[in-house]
There are 2 protein chains.
Amino acid sequence: MKKSYNNGVEATLGVISGKWKPQLLCYLGQRPQRTCDLRQNLPAISQKVLTQQLRELERDGIISRQISGDRAPFKVTYALTELGHSLGEILVQMSLWGEQRANQVPDMEVTHDHEGFTQLLQNS
Amino acid sequence: MKKSYNNGVEATLGVISGKWKPQLLCYLGQRPQRTCDLRQNLPAISQKVLTQQLRELERDGIISRQISGDRAPFKVTYALTELGHSLGEILVQMSLWGEQRANQVPDMEVTHDHEGFTQLLQNS
DNA sequence: CGGTATCCACAATGATACTG
DNA sequence: CAGTATCATTGTGGATACCG
């Protein structure tokens, strides 16, 4: 069945929305990473949800998945695709806007700055 | 309690994510609107959820709410704030990215183009 | 007209145990 | 090491009735 959105904003949100996706995109923007690397960067995520979010990003063409090894233990590496890199400008802008906003609202904080996402831009 | 985000992207998503928020921002970007106007533009939304999403946007400083009339029936008008307008560039970029993507994926369509959001930019 | 209150359905995320 | 299966929990949105 055909997926229909009212506007492009919703379509984009459909790709980057997800509890861990911004962080995953940030880390993968720096360099390709193995599953265990991602788990180390995100200790709080469960195996199931990590796989879920990665599968969705892969299905949407944002990241690639490459397996090496013929038998367990396998080595799986995820990397941003060209389409993934094309999200760079949007993510940087969103990051900057969110940071500015957090600086103006007392009860809000942003723990990591936008630098991670700017690197995503450069590597493209 | 202090709301904490890992990065600015999540903070921004916290503001614009919501089933009807992109459409609400699009319509309010054109001109201020009364509740009944919004309901007419969005026939499928329930009263409860409409109020919910508007309250959240108001709490986040994206829109303003003005009541006129001392007794029922009241007249309530919503309008984008300056902060709301500052989302314009991000929304336009997201809209464009989403449209391009829909053009490349067979099973995806975007029914309204980005023009609505560009008007949001001009009125600021 | 605009909004609230209640109750309900479903989607998204999480915990845990298990597999090749 | 990476992933799946199952079940529990939570959050978001929807249906309906009612209020000033």
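Given the structure is predicted, the values throughout are model-derived calculations rather than measurements. Lettering follows sequence order; numbering is per chain, from 1.
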ask   = What are the residues of residues 35-46 of chain B, sorted by number, that bring a heavy atom to within less than 4.0 Å of DNA chain D?
value = none
message = In this structure, would B:Leu96 and B:Met108 fall into the same cluster of hydrophobic residues linked by side-chain contacts under 4.5 Å?
response = no
request  = Whole angstrom is fine here: how far is it from OH in A:Tyr78 over to C1' in D:dC1?
outcome  = 11 Å
inquiry  = Applying a strict under-4.5 Å side-chain criterion to I, L, V, M, F, W and Y, I'd like to know whether A:Trp20 and A:Ile90 cluster together.
reply    = yes
query = Looking at A:Arg65, does any N or O in its side chain come under 4.0 Å of the phosphate oxygens OP1/OP2 on D:dG3?
reply = yes
Heavy-atom donor-acceptor pair, A:Asn7 side chain to A:Glu10 backbone, under 3.5 Å = yes
ask   = Taking the side chain of B:Gln47 as heavy atoms from C-beta outward, which of D:dA17, C:dT13, D:dG14 is closest to it?
value = D:dA17
Main-chain N/O of A:Leu42 paired to A:Gln23 side chain as donor or acceptor, under 3.5 Å = no
ask   = Is B:Gln53 touching bases, backbone alone, or none of the nucleic acid, heavy atoms closer than 4.0 Å?
value = sugar-phosphate
query = B:Asp60 side chain to B:Ile62 main-chain N or O, any donor-acceptor pair under 3.5 Å?
reply = no
message = Whole angstroms only, please: what is the CG-C1' distance between A:Leu50 and D:dC1?
response = 12 Å
key: Whole angstrom value for the distance that separates P of D:dT12 from CG of B:Leu54   = 17 Å
Same cluster (ILVMFWY, side-chain, under 4.5 Å), B:Leu24 and B:Ile16 = yes
message = Below 4.0 angstrom, which residues in residues 17-25 of chain B have at least one non-hydrogen atom near DNA chain D?
response = B:Gly18, B:Lys19, B:Trp20
task = Among C:dT16, D:dG13, C:dG2, find the nucleotide with the atom closest to the side chain of A:Lys48.
result = C:dT16
key: Connected via hydrophobic side-chain network under 4.5 Å: B:Val92 and A:Val15   = yes
request  = Please determine, for the side chain of A:Val76, which listed nucleotide (D:dA2, C:dT6, D:dC1) has the closest atom?
outcome  = D:dA2
ask   = If you check every side-chain atom of A:Arg55, which of C:dG14, D:dT4, D:dG14 has the closest atom?
value = D:dT4
query = Which is true for B:Arg34 with a 4.0 Å heavy-atom rule: it touches a base, it touches only sugar-phosphate, or it touches nothing?
reply = sugar-phosphate
key: Residues which pass side-chain contact (heavy atoms from CB on, under 4.5 Å) with A:Arg55, listed by chain and number, not counting sequence neighbours   = A:Thr51, A:Glu58, A:Arg65, A:Tyr78
key: Side chain B:Arg101, main chain A:Leu83, donor-acceptor under 3.5 Å   = no
query = Within less than 4.0 Å of OP1 or OP2 of D:dG14, is there a side-chain N or O belonging to B:Gln52?
reply = no
